[in-house]
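These notes are about the structure you will find just below.
Lettering of chains follows the sequences in order, A, B, ..., and the numbering in each one begins at 1.
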Amino acid sequence: MEGSGCDWRPDASIDALRLRARVLRAVRAHFDAEGVLEVETPSLGSRTVTDPSIESLIARDGAGRAWYLQTSPEFAMKRLLAAGSGPIYQITRAFRDGERGRHHNHEFSILEWYRVGFDHHRLIDDIDVLLDTVLGPGPSWRLTFREAFSRHLGLDPLTAPLADLHDACRSRGFESGAAGTDRDECLDWLLSVAVQPALGSGRVYLLDFPTSRAALARVRTGSPAVAERFELYIDGIEVANGYHELQDAEELRQRMQRDIKVRSRMGQPVPEADDRLLAAHEAGLPACAGVAVGLDRLVMLAGRYRSLREVLAFTQDTA
Amino acid sequence: MPNINTSEFRSGLKLIIDGDPCSIIENEFVKPGKGQAFVRAKFRNLRSGRVIERTFKSGESVEAADVLEVSLQFIYSDGDMFHFMDEATFEQYAATVDAVAGAARWLKEQDTCTITLWNGTPIAVTPPNFATLRITETEPGVRGDTASGATKPATVETGTVIKVPLFIEQGELVKVDTRTGEYVSRARE
């Protein structure tokens, strides 16, 4: 047997693992006190997300059938909501192919919850209560996507011509024009390298995303229309993503079909749309707001660590 | 050369950027939860030594550079080119003055250097960390002064001027750190 000389030691310190256990206890105590039900849903699903920016890992069973390792528990939890579960939360592993870096690991922990009858603003209040417990009390700010870009880049992300977005990318070391980068990709890049680091320390909720980045949030009509989606940044690090949830089954079907078209055009794997999720929406998803929190990143921030490696017992490099 | 996908980026990997061979110093995965993934990389241009930063969309491919580091013996310079030889195969390589650059200050015949070859052609030369060189010209030595720390200029056999302690005499051998250009100690044949 091989063995001697192998790097067998954990990535995280035992202290970091104690902190993780404390955070888990605090999370469960919070939701227990709030009357939110803890649920568990499968890690292996027959369907997966169509979102072109998220790739699934696949496990095969003995009969050769492919099972998607779930990239988030969202679809299964929405089926529970449609079945009348009331407010629910889950702490689970999620899996995303190709995501590996200082703040990424292809297997990670998600804390996801849904509040029936809440909109995204009430849900943010709820998140703040939880964060006060886990990180200690602290202020938070709410800023629209538009305000953030105009403040830190002098650009209107919703109306600026594509050429201006390319110029802004180029001045920050990304030849987006040559790479054939579209509007959304430019905004993704600028958000990551220019806006996010400028948000400063503390909690900032970025609200009202462009409709093209609505994901599964409902769209609020207006001029221009925006998606009722938010992201939470703590000390400039993305920690959570939430929606005032889209209820309309037909709109959901159209968004999935659009994703599938993008995937086939880009030569990405093309999964089938999740028909059980669509059926649940047809039966009726209650009005609700939901959020997914990157639990590993939260533990990292709680312990003032700088990388996920310091809070994961074993990363994908040592798993 | 094959194309390398961004997912295979590692520090030390050699790629062609803007037509020049470059080596990855560090790379970072950048991805919003619901958005395009990018790889942001810092490179050293192996010809100029300059550091550049580039961003790629995750999944993009970049041409690999056929870059090799070999140990070769310096045999002679003819003024235009510096000639090196592989001591095992006796194969010879000629490096331009540009490729040799600052290494020329320390190159003495029969020294073994690290040569960076791109498509078989030398593009950079790294001299041994320590070179043993003879002093060809310096003021007469001050005997016994081994403690003051004072120095004087001295020319070594490659023509380079270095600072040496006052007790060093013309004709002596000295050991020089080629990375800093500093005198280290006296040396023997």
Response to the item:
Max heavy-atom pairs within cutoff under 4.5 Å with chain B, candidates A:Glu99, A:Glu231, A:His103, goes to A:Glu99

Worksheet item: Where does the angle between the aromatic ring planes of A:His104 and B:Phe29 fall among parallel (under 30°), tilted (30 to 60°) and perpendicular (over 60°)?
Response: perpendicular

Worksheet entry | For chain B, the option from A:Pro52, A:Gly173, A:Gly101 that forms the most heavy-atom pairs under 4.5 Å | A:Gly173

Worksheet entry | Carboxylate-amine/guanidinium proximity below 4.0 Å for A:Glu245 and A:Lys78 | yes

Fill in: Choice from B:Glu28, B:Arg40, B:Gln36 maximising heavy atom contacts with chain A below 4.5 Å
B:Gln36

Item to complete: Go through the atoms of A:Ala179 and report whether side chain, backbone, both or neither lie under 4.5 Å from a heavy atom of chain B.
Response: both

Worksheet item: Do NZ/NE/NH1/NH2 and the carboxylate oxygens of B:Arg134 and B:Glu172 come within less than 4.0 Å?
Response: no

Worksheet item: Relative to chain B, which segment of A:Asp184 carries a heavy atom at a distance below 4.5 Å: side chain, backbone, both, or neither?
Response: neither

Worksheet entry | Greatest number of heavy atom pairs closer than 4.5 Å to chain A - which of B:Ser7, B:Gly33, B:Ser58 | B:Gly33

Discussion item. Looking at A:Arg263 and A:Glu55, is any side-chain nitrogen of the basic one under 4.0 Å from a carboxylate oxygen of the acidic one?
Written reply: yes

Worksheet item: Within 45° of the ring axis of A:Tyr243 and under 6.0 Å from its six-membered ring centre, is that where the NZ or CZ of A:Arg229 lies?
Response: no

Item to complete: Identify which part of A:Ser176 has an atom lying under 4.5 Å from any heavy atom of chain B, answering side chain, backbone, both or neither.
Response: neither

Discussion item. I'd like to know if B:Asp20 pairs up with B:Arg44 as an ion pair, taking the criterion as any Lys NZ or Arg NE/NH1/NH2 lying under 4.0 Å from an Asp or Glu carboxylate oxygen.
Written reply: no

Fill in: Interchain contact, A:Glu238 with chain B, by part (heavy-atom threshold 4.5 Å)
side chain

